[in-house]
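These notes are about the structure you will find just below.
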Amino acid sequence: MKVNQFPDRTIEIDNEKYLYFGGTAYLGLPTHPEFQKLLIKNILRWGTAYGSSRSANIQLSAYEDGERFLADFIKANAALTVSSGMLAGKLVIETLTPETDLFFHFPDTHAAIKVPNSLPVFIGEKLNPRLLDNRTEKITILTDSVPSFHVQPVDFTILNSIPSNKEITLVIDESHSLGILGRNGCGIFSTINLPNIKRKIMVSSLGKAFGVTGGVIASDSEFINNMSTHDTFVSSAGMNAAFVQTMADATSIYLQQHLKLKDNLYYINAHLIKNKAVLFDHEYPLIYQEIEGINEIFTANKIIVTNFKYATDTKDLNRIVITANHKKEDLDTIIHILNQNQF
């Protein structure tokens, strides 16, 4: 289906209006009038693109403003922006590879932080024995904050079982939790405080909840300082400066939209009948359902949800996406359909 306008809470296809429960604009920012005004103002100040290296002799203050905002928001010591979330992940992996003896990954880890020859954290339902042996080594564990087909963040307490002879670096992709989970949408990075993790690193797309094209890496100051001198970072153009500045300027909008999103999720929680075929958590804006023929029912009721296939998945990713921009009558429509098709 091709459309000729941004798909917000509604979408027009073949001159027919549909409710839209898809995409990743969780905070509803791409069409938010005040957010757009800030972005336009910053384009007029910083231009449409700045293709120079971040290490060049001319330094734009936009990056300092935006990265300070992100570090404070995420509750990290420091943050670094890059042109995409995918680049953020690949750059971190490229940096860690020479100093990592062995990589491990949680199930359904995103391609941005996948590594060839990485070993699974779990074999069956138990920790991989390779994590528990007596070899002294540096390991890096890779994970999404909330994997596909889940609505709650990964429980990292299992990592406490790994012995101290393993020096652990934890890399978390928060593309689908930044702006959503945690206090004011800060994500889960700051909540992970396990004694046997030496370093934790967060990467994320900013094109989801945060509404601008780009990516972020957040960690301790030493790691971020090293990242800023890495050959790949130095030789790459930075994130759009106008977008970086807009994040720093839009703090109050982020908080307002986060509250609207939470209000929508609590409304659904209060009215959606609990059902094993419908996976939903009141803190998270995705609903996964396994109701036979439901997509045809949605289409008949002029509703479109997200449907596509990840290359590594064996089934379609079929999910209902709730945003801050959905109105109560939109939610009533989707709730009614789910409640009426439980069995």
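Using a 4.5 Å cut-off between side-chain heavy atoms of Ile, Leu, Val, Met, Phe, Trp and Tyr, with links allowed through other members, Leu170 and Ile224 fall into different hydrophobic clusters. With hydrophobic clusters built from ILVMFWY side chains whose heavy atoms lie under 4.5 angstrom apart, Tyr26 does not share a cluster with Phe6. With hydrophobic clusters built from ILVMFWY side chains whose heavy atoms lie under 4.5 angstrom apart, Ile201 does not share a cluster with Leu159. Criterion: ILVMFWY side-chain heavy atoms under 4.5 Å apart, direct or through other members. Under it, Tyr63 and Val216 are part of a common hydrophobic cluster. Taken together through direct or relayed side-chain contacts under 4.5 Å among Ile, Leu, Val, Met, Phe, Trp and Tyr, Leu132 and Ile139 form part of one hydrophobic cluster.
Inspection of the Thr31 and Asp8 side chains reveals an N or O donor paired with an N or O acceptor under 3.5 Å.
Without hydrogens or angle criteria, Asp330 side chain to His326 main chain gives no donor-acceptor distance under 3.5 Å. Formation of a donor-acceptor pair under 3.5 Å by the Asp173 side chain with backbone atoms of Ser204 is not found in this model. When atom types are taken as modelled, the side chain of His271 and the backbone of Tyr267 share a donor-acceptor pair closer than 3.5 angstrom. For the pair Asn301 (side chain) and Ile297 (backbone), a donor-acceptor distance under 3.5 Å is present. With hydrogens and angles disregarded, no donor-acceptor distance shorter than 3.5 Å links the side chain of Ser84 to the backbone of Gly215. No side-chain donor-acceptor contact under 3.5 Å links Ser83 to the backbone of Gly214. For Asn42 (side chain) and Leu38 (main-chain N/O), a donor-acceptor pair under 3.5 Å exists by modelled atom type. Remark: the backbone N or O of Ala242 is paired with a side-chain donor or acceptor of Asn240 at under 3.5 angstrom. With hydrogens and angles ignored, the 3.5 Å screen pairs a side-chain donor or acceptor of Gln59 with a backbone N or O of Ala56.
Nearest approach of Gln245 to Ala62, heavy atoms of both residues: OE1-CA, 3.3 Å. The two residues Pro195 and Asn160 make their nearest non-hydrogen contact at CD-OD1, 3.7 Å. In this structure, Ser177 and Val146 approach most closely via the heavy-atom pair CB-CG2, 4.5 Å. Of all the heavy atoms in Thr109 and Leu142, the pair that sits closest is OG1-O, 3.5 Å. Of all heavy-atom pairs spanning Leu261 and Thr323, the tightest one is CD1-C, 3.7 Å.
Around the CG atom of Leu44, the shell of radius 6.0 Å holds more than 12 heavy atoms that belong to other residues, nucleotides or ligands. Atom NZ of Lys327 has 12 or fewer neighbouring heavy atoms from other residues, nucleotides or ligands inside a 6.0 Å radius. Annotation for Asn193: atom CG counts as buried by contact number, over 12 foreign heavy atoms lying within 6.0 Å.
The distance between the ring centers of Phe210 and Phe73 falls below 6.0 angstrom. Taking the six-membered ring for Trp and the full ring otherwise, Tyr254 and His258 have centroids separated by 6.0 Å or more. Ring centroid separation for the pair Phe298 and Phe21 does not come in under the 6.0 Å cut-off.
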Criterion salt bridge (Lys or Arg N to Asp or Glu O under 4.0 Å) on Glu12 and Lys17, from CA distance to verdict: CA-CA 5 Å; Glu12 189 173 296; Lys17 187 177 180 181; over 6 Å; no

Candidate pair Asn295 and Gln289, rule side-chain contact (heavy atoms from CB on, under 4.5 Å), full reasoning: CA-CA 10 Å; Asn295 285 338; Gln289 49 70 33; 4.3 Å; yes

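Under 4.0 Å is where a charged nitrogen must lie from a carboxylate oxygen, and between Glu222 and Arg199 at least one such pair does. One finds a salt bridge joining Asp133 and Lys166 here, because a Lys/Arg side-chain nitrogen approaches an Asp/Glu carboxylate oxygen to under 4.0 Å. At a threshold of 4.0 Å, the pair Glu329-Arg9 does not count as salt-bridged, since none of the basic side-chain nitrogens sits closer than that to a carboxylate oxygen. Salt bridge Glu94/Lys90: absent, no basic N to carboxylate O contact under 4.0 Å. By the 4.0 Å N-to-carboxylate-O rule, Asp220 lies too far from Lys198 to be salt-bridged with it. Ion pairing between a basic and an acidic side chain is recognised when a charged N comes within 4.0 Å of a carboxylate O; Glu174 and Lys208 show no such pairing. Ionic pairing of Glu283 and Lys262 is present here: one or more N-O contacts between side-chain nitrogen and carboxylate oxygen are shorter than 4.0 angstrom.
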Under 3.5 Å, side-chain donor or acceptor atoms of residues 95-103 against the rest of the protein: list the pairs with distances, not counting sequence neighbours.
from	atom 1	to	atom 2	distance (Å)
Thr95	OG1	Leu91	O	2.8
Thr97	OG1	Ile93	O	2.7
Thr100	OG1	Leu96	O	2.8
Thr100	OG1	Thr140	OG1	2.8
Asp101	OD2	Lys138	N	2.7

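To the nearest 0.5 Å, atom NZ of residue Lys75 and atom CZ of residue Arg183 are 6.5 Å apart. For the atom pair NZ (Lys274) and CZ (Phe280), the distance works out to 8.0 Å, reported to the nearest 0.5 Å.
If you run side-chain contact (heavy atoms from CB on, under 4.5 Å) between Val154 and each of Asp144, Thr143, Ile172, Asp108, only Thr143 comes through.
Tyr20 is linked by a ring pair (Phe, Tyr, Trp, His ring centres under 6.0 Å) to nothing, counting only residues two or more places apart in sequence or in another chain.
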